[in-house]
Amino acid sequence: MARYLITSALPYINGIKHLGNLIGSQLPSDAYARYLRAKGHEVLLICATDEHGTPAELAAAKAGKPVAEFCAEMWAVQKDIADGFAMSFDHFGRSSSDRNHKLTQHFAGRLAEAGLIEEVMEKQVYSNADGRYLPDRYIEGTCPNCGYDKARGDQCENCTKQLDPVDLIEPRSAISGSTDLELRETKHLYLRQSTMREKLETWIDGQKDWPILTTSIAKKWLNEGDGLQDRGITRDLDWGIPVKRGDRAWPGMDGKVFYVWFDAPIEYIAATAEWADASGQDDAAWERWWRTDKGAGDVHYVQFMAKDNIPFHTLSFPVTLMGSAEPWKLVDYIKGFNWLNYEGGKFSTSQGRGIFMDQALEILPSDYWRWWLLSNAPESDDANFTWESFQSGVNKDLADVLGNFVSRVTKFCRSKFGEVVPEGGTYGEMEAAVIAEIARRLEAYEARMEAIELRKATAELRAIWVAGNEYLQAAEPWSVFKTDPGRAAAIIRFALNLIRLYGVLSAPFIPVASRDILAAMHVEDAEWPEDVKTALAALPAGHTFSVPEVLFAKITDERRDELEARFAGS
RNA sequence: GGGCCUGUAGCUCAAUUGGUUAGAGCAGAGCGCUCAUAACGCUUUGGUUGGGGGUUCGAGUCCCUCCGGGCCUACCA
């Protein structure tokens, strides 16, 4: 029994996320957490919405709502959808919470005391028409390098040259199109990351088991050019966490807020505090997960995120934690994911291309998506969603292999023995062989889960399901029944126990179906098996069950074609 | 431009980190079974591991080079 703190990257607040976002962090973190809980570990799974920044303000303006109201509504929407996908978050927080305000200001104060904050006067583009400062990305103009007329202030998408907004010819606001822009002097706080470069590198070099994807991205930032650069951690915005030094005002920083990337990871901690508050616990309850001086020394902390988030989790956030000179828990393992593409291209919000989380739930139950996404997770490379692959995965794995196994066993039993585990007969070599096979597969399955190799884990789980069909085919209870009903009873008793075991083992990936399977078997609480032979004796003769409804309906070719056309985009 | 990842069967992926004959699932072919969601099981077709060169007793794995795909490059998050 160990203690695992697990965080999923925070989904941004400005809209409903698509399936690529889902498989990039939330879904794998849930499968991992469910597995560890089932194994009896103490687990805390944390997620939250990331609510600050210019895009949130613009999305709110577009919706015609005050930003605070907009974020509150979108948080509720995202929470509902997460519930719809059976995410087992212990807490789904908000980066705009009071807890995060306090903690973010606390960290800023500590960093300032440690001499890691520098005040810098800089020039920022202000748009009079929009009444706001514009981030580089929101300034458009003609590229001085290639003449492309929709170049952005940070980079020209046409020639990929990196730009500064002042380089643009005829710059305009990307929000309003206004050319009424001016450069204004404004003061900002910079986090002196560069001073901690060596400390970070030592820390990262000590992480021998991190994936290449993770360490290579981190090392790149540490060593490229002049090395790790200092980073602005404040912005001229209304919506955000006001710049304060602990609980004291910060002279000269009135009206400014912390940069979203400074406060977002701190929300991992704040959300844990929100969890304690919501469950009526005191500060010690969350501090034992985060403070190594208050009980977090034995915590194993795993972060899930897509690859674009890695620099912030390997560099900026650790600088915040280490720089505070307080004993905060640092991440032990980062699980990074590549991208999920849609039918060979990118998911696109603006073009309506691909599938969004709310739409997915309207089409089919969450387990269908969970299974396909997790068994095709972009772990080693970008992955590709196609309707054909989705249909095949759902129909073959879920309907034919698992669903049909449950169906054939329970229906056969009902017709020959009634809805009760039959008695009589004995187990022989055939059953011993199945027990050995499943024990071997289970060991592999557990090893894959512990290594967070989810694709490989699903392959092992599938093989465990297949073993049931192989057994049934070899044992032939439908033939044996005619000459030796007692032996047929033993076979079915064993097969019904396999169903119960599948219900237990499948829960990390398809929790709803697992619950349905166990409910059909009239099992209240199912523990993860210590020993396969014992687990396959859990349902004794005389135990009743109910033949379940069809667990997984197949996706027909017509349905697939219809969905494919519907989501093709404009 | 720079850096990183990647290329294995028609498709999606493996290959115990340099070790016998490169394996699975899907798709295809054949056979079997009839309990079951026309489901299941068995057998089987299919690869010069992107091309070329090198190191080695031995290379899918290491090195060089060429070709293809992808990502990152710090103010979108």
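So you know, we letter chains A, B, ... as the sequences are listed, proteins then strands, and number each from 1. Since the model is a prediction, treat every value here as computed from it, not as a measurement.
On a pure distance criterion of 3.5 Å, no polar donor-acceptor pair joins the side chain of A:Asn404 and the base of B:A39.
Ion pairing between a basic and an acidic side chain is recognised when a charged N comes within 4.0 Å of a carboxylate O; A:Glu201 and A:Lys219 show such pairing.
Put simply, A:Tyr471 has no side-chain N or O that comes within less than 4.0 Å of OP1 or OP2 on B:G41. Look at A:Lys396 and you'll find a side-chain N or O under 4.0 angstrom from OP1 or OP2 of B:C40.
Taking the side chain of A:Gln473 as heavy atoms from C-beta on, and the options B:C13, B:G32, B:C26, the nearest nucleotide is B:G32. Here the nucleotide nearest the side chain of A:Ser392, chosen from B:C26, B:A77, B:C75, is B:C26. Out of B:C75, B:C40, B:U34, the shortest distance to the side chain of A:Trp478 is found at B:U34.
Screening A:Gln124, A:Lys256, A:Glu122 for a side-chain hydrogen bond (donor to acceptor under 3.5 Å, both in side chains) with A:Thr186, the sole residue that qualifies is A:Lys256. Each of A:Phe390, A:Phe509, A:Phe552 was scored for a ring pair (Phe, Tyr, Trp, His ring centres under 6.0 Å) with A:Tyr368, with one residue passing: A:Phe552.
Using P as the reference atom, B:G50 and B:G60 are 10 Å apart when rounded to the nearest Å. Of the C1' atoms belonging to B:U61 and B:A22, the separation is 11 Å, rounded to the nearest Å.
Residue ring and nucleobase are not stacked for A:Phe412 and B:C35 under a centre distance beneath 5.5 angstrom and an angle between planes beneath 30°.
Judged by distance alone, with hydrogens and angles left aside, the side-chain atoms of A:Glu57 form a donor-acceptor pair with the main-chain N or O of A:Trp239 at under 3.5 Å.
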Quiz item: Which string of ( ) [ ] | and . matches RNA chain B, if you list each base 5' to 3' and count Watson-Crick or G-U pairs only when both distances are under 3.5 Å?
Solution: (((((((..((((.....[...)))).(((((.......))))).....(((((..]....))))))))))))....
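Counting any heavy atom pair closer than 4.0 Å across all strands shown, A:Glu122 reaches a base atom.
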